[in-house]
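Encoded as structure tokens, the structure appears first; notes follow it.
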Amino acid sequence: MVIVLLGPPGAGKGTQAKNIVSKYGITHISTGEIFRRHIEDKTPLGILSGEYINKGQLVPDGVTISIVKDRIMESDCNRGFLMDGFPRTVAQADAFFEILLSAGKVLDHVINIDVTEEKLLKRLTGRRICTVCGASFHVVFNPPKVEDQCDFCQGKLTQRSDDSMDAVTNRLNIYRKQTEPLIEYYKGKKLLRVINGEHNPNKVFEDICNVLGAEMDDLFKIK
Ligand code: AP5
Ligand code: MG
Ligand code: ZN
């Protein structure tokens, strides 16, 4: 199973990706997480990508595509994988089809999580991340039990460097110009399913499972 999760910054891609991969036993690939790990480890890729990410800009297509190409060839992707935050441009989407073709894989589902911009701003500026295990919280919508402390590992919570107002504004502008066109792109290929991402996270997950479940049933009927 190969799934693409589309959606603007703050739509809940990361939140839902965790649920989906654990239910279906597939691998979660977040290009944003890969970059953040390199930034933390101060690798050459981290130094390069950090310059773009901290300003809320996209990392150049060539760099991102080559990372994805290598990542999906790893053995934990054999059973299937979910892309969170990739593709983000038409060039990436075209390249992704080619990568899948040469790996003998097919894109099964594209799920777009739809949320209005006003809500995205609140979600991004209120998000807090655990510095130890990476778990994600929100000061209002998903508060930790103890302020600034992770529920799972007691690590300290922090704000992502690209969740500042300036970077968020850039990210949303870039989303509209470069990523939103992918909605029509995948609609044209009859792969797009839209989910209302404004419900609570459990309801959003239930709706995603219904879409995936129905599509899986269809596949079985064809066989
Ligand atoms: P990336 O890490 O992918 O960030 P993003 O797409 O901007 O999305 P976020 O991770 O901010 O949001 P999310 O949709 O995962 O929402 P979350 O679940 O956390 O990319 C970061 C950067 O890396 C990019 O800007 C770019 O520079 C670079 N990059 C990455 N991929 C790239 C690519 N392909 N090409 C080029 N550059 C690339 O939820 C957000 C908050 O809302 C949380 O606090 C959460 O608790 C809360 N929340 C979630 N769901 C709900 C709900 N249903 N109701 C209420 N609150 C909710
Ligand atoms: Mg995310
Ligand atoms: Zn933690």
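Ligands are counted one by one from 1 in listed order, and the atoms in each one are counted from 1 as well. Computed from a predicted model, the values in this text were never measured in an experiment. Sequence positions, counted from 1, serve as the residue numbers for this chain.
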Inset, instruction - Name the closest protein heavy atom to atom 48 (N) of ligand 1, giving the residue it belongs to and the distance to 0.1 Å. - result: Arg123 CD, 4.1 Å

Legend entry - Check: Gly12 N/O within less than 3.5 Å of ligand 1 N/O: yes

Inset, instruction - Consider every N or O of Arg171 and every N or O of ligand 1, then say whether any pair is closer than 3.5 Å. - result: yes

Inset, instruction - Please say whether Asp163 places an N or O atom under 3.5 Å from an N or O atom belonging to ligand 1. - result: no

Inset, instruction - Would you kindly specify which portion of Leu58 sits under 4.0 Å from ligand 1, judged on non-hydrogen atoms: side chain, backbone, both or neither? - result: both

Inset, instruction - Between Ile174 and ligand 1, find which residue part has any heavy-atom pair under 4.0 Å and reply side chain, backbone, both or neither. - result: neither

Legend entry - Any N/O pair Arg160/ligand 1 closer than 3.5 Å: yes

Inset, instruction - Inspect the contact between Asp41 and Arg37 and indicate whether a charged nitrogen and a carboxylate oxygen are less than 4.0 angstrom apart. - result: no

Inset, instruction - Answer yes or no: does an N/O atom from Arg36 fall short of 3.5 Å to an N/O atom of ligand 1? - result: yes

Legend entry - side-chain contact (heavy atoms from CB on, under 4.5 Å), paired with Glu198, selected from Asp114, Thr116, Ile113: Thr116

Inset, instruction - Have a look at ligand 1 and work out which part of His199, if any, has a heavy atom under 4.0 Å from it: side chain, backbone, both or neither. - result: backbone

Legend entry - Heavy-atom gap Gln16 to ligand 1 smaller than 4.0 Å: no

Legend entry - Any Ser30 heavy atom less than 4.0 Å from ligand 1: no

Inset, instruction - Flag the pair Arg171 and Asp162 as a salt bridge only when some basic side-chain nitrogen lies within less than 4.0 angstrom of an acidic carboxylate oxygen. - result: yes

Inset, instruction - Please confirm whether Glu198 comes under 4.0 Å of ligand 1, counting heavy atoms of the residue only. - result: no

Legend entry - Per-residue contact class, Leu124 against ligand 1 - non-hydrogen pairs under 4.0 Å: side chain

Inset, instruction - Please confirm whether Ala11 comes within less than 3.5 Å of ligand 1 when only nitrogen or oxygen atoms on both sides are compared. - result: yes

Inset, instruction - Examine the proximity of ligand 1 to Gln57 and report which part, side chain or backbone, both or neither, has a heavy atom under 4.0 Å away. - result: backbone

Inset, instruction - Would you check if there is a donor-acceptor pair between the side chains of Asp94 and Tyr185 at a distance under 3.5 Å? - result: yes

Legend entry - contact_flag Gly7 ligand 1 heavy-atom lt 4.0 Å: no

Legend entry - Location of contacts on Phe137 toward ligand 1, heavy atoms closer than 4.0 Å: backbone

Legend entry - The one among Arg128, Arg127, Lys203 that brings a heavy atom closest to atom 19 (O) of ligand 1: Arg127

Legend entry - Check: Gly10 N/O within less than 3.5 Å of ligand 1 N/O: yes

Legend entry - Pair Asp84, His28: side-chain N/O donor-acceptor within cut-off below 3.5 Å: yes

Legend entry - Val59, any N or O under 3.5 Å of ligand 1 N or O: yes

Inset, instruction - Salt-bridge test for Arg71 and Asp76: reply yes if a basic N is under 4.0 Å from a carboxylate O, no otherwise. - result: yes

Legend entry - Opening angle at the Zn ion (ligand 3) [SG, Cys153; SG, Cys150; to 10 degrees]: 110°

Inset, instruction - Provide the closest heavy-atom pair for Gln57 versus Ile174 in the form atom of the first, atom of the second, distance. - result: CA-CD1, 3.5 Å

Legend entry - Close side-chain approach of Pro201 and Gln16, heavy atoms under 4.5 Å: yes

